[in-house]
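Here is the naming used below: chain letters follow the sequence lines, and residue numbers restart at 1 for every chain.
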Number of protein chains: 2
Amino acid sequence: MVQKTGATDALIDEMGQMAFVTMAALSRVSSENGLSLTQLRMLGILRDREPRMADLANRLGLEKSTMSGLVDRAEQRGLISRSVSEDDARATHVALTKKGQQLASEIEAQVRVAFAPFIEPLDEKEQKKLHKLLKKSLSPEEKVSQNEE
Amino acid sequence: MVQKTGATDALIDEMGQMAFVTMAALSRVSSENGLSLTQLRMLGILRDREPRMADLANRLGLEKSTMSGLVDRAEQRGLISRSVSEDDARATHVALTKKGQQLASEIEAQVRVAFAPFIEPLDEKEQKKLHKLLKKSLSPEEKVSQNEE
DNA sequence: TATTGTTATACTCTATAACTATA
DNA sequence: TATAGTTATAGAGTATAACAATA
């Protein structure tokens, strides 16, 4: 069972709060660039891959039909392009266009600025400590199974 | 300007990653209860308030017209109720029903479970340290203004 | 006149189900 | 037959603009 303690509750609250403010920052960057948060994520994924539609949908946790619409709209804006797979004529690969690459770069810089208010209150040592703790918290290796102990 | 350093970039990456996994956890809890993430937030806000529509919209960062629809759907499900303000006949107050209160309580417990995988990799001392760092990072008091230095 | 909230309208995101083309 | 992707359809979330009721 999950213990209910004051300290843990405070941490949960802050993790939730941090999630909302950082997601709000990302949403703001998205809309300032005429993108949805999902499209922002999609561009981020495409920066170093040219996945199939199904792979992309999988990474974003979406249905393939949803993917078609998202890719349609980004393609109409000239940010990405589709191409038929050479291996399998049924499959479609998605890639950033030059314009899409440029936008993705600009967004990366904007995200850095958007996150600055959360980074700058911490000195360098604290930043490193936070980095370590978040890394450990996120570590998927030994994600505790939901068994009671 | 915002410095681009390896250490800071790693922290930004992790903050973004943490935001996505925690939001995913909250989204999962939401959908398991037949709610959208926005409705989850709305219930959370209403746990200790009976705000006006405009106040609620403001807290959620939404337009008042959007608020009408969200409240409509939650009201149809019997989770919240509307009442005309005694002070101002134009204003509508929103409150949780008994059913809404109960659901909000259940959700609180579910969120605790959903966040456990991120809490449990840390020992108690680390949890306290993370709590302190997040608190400092989030501290709104001296949010650095966007001036260059 | 100004403000509170709703309604009308439109677009994006999302899913399910049916479909087309290829394997 | 099975798989990859698209299309048709429907509902929720969102915003803008117009509106009704009240201040």
Pairing donors with acceptors under 3.5 angstrom, does anything connect the side chains of R47(A) and S105(A)?
yes
Could you say whether R73(A) or H93(B) is positioned toward the 5' end of DNA chain C, judged by the nucleotide with the nearest heavy atom to each?
H93(B)
Integer-rounded Å distance: dG5(D) P and E75(A) CD
14 Å
From CZ of R82(B) across to P of dA21(D) the rounded distance in Å is 17 Å
Without hydrogens or angle criteria, can the side chains of E106(B) and N33(B) be said to hold a donor-acceptor pair below 3.5 Å?
no
When only distance counts, do a donor and an acceptor, one from the side chain of S65(B) and one from the base of dT16(D), lie under 3.5 Å apart?
yes
Check the distance between dA4(D)'s P and D87(A)'s CG and give it to me in whole angstrom.
13 Å
Ignoring backbone atoms, test whether T38(B) places a side-chain nitrogen or oxygen under 4.0 Å from the OP1 or OP2 oxygen of dT14(D).
yes
In whole angstrom, what separates E86(A)'s CD from dT22(C)'s P?
16 Å
Donor + acceptor pair across side chains of S30(B), R41(B) (<3.5 Å)
no
Take the protein atom CG of L62(A) and the nucleotide atom P of dT6(D), then report the distance between them rounded to whole Å.
14 Å
When the distance from CE of M53(B) to C1' of dT7(C) is rounded to whole Å, what number comes out?
12 Å
Output the rounded distance in Å from CE (M67(B)) to C1' (dT4(C)).
14 Å
Atom pair distance, as rounded to whole Å: CG in L35(A) and C1' in dT14(D):
16 Å
Could you tell me whether K135(A) and E14(B) have a side-chain N and a carboxylate O separated by less than 4.0 Å?
no
Return the nearest nucleotide to the side chain of E63(A); candidates are dT16(C), dT22(C), dA23(D).
dT16(C)
Please figure out whether R52(A) or R90(B) has its closest DNA chain D nucleotide nearer the 5' end.
R52(A)
Nearest-nucleotide pick for K64(A), side chain only, options being dT14(C), dT6(D), dA12(D)
dT6(D)
Using a heavy-atom cut-off of under 4.0 Å over every strand shown, decide if S68(B) touches base, sugar-phosphate, or nothing.
base
Let's see if you can work this out: which of dT14(C), dA23(D), dA15(D) has an atom nearest to the side-chain heavy atoms of T66(B)?
dA15(D)
Starting from the 5' end of DNA chain C, give me the residue, Q39(A) or D55(B), whose nearest nucleotide shows up first.
D55(B)
Is the shortest side-chain N to carboxylate O distance from D88(B) to R90(B) below 4.0 Å?
yes
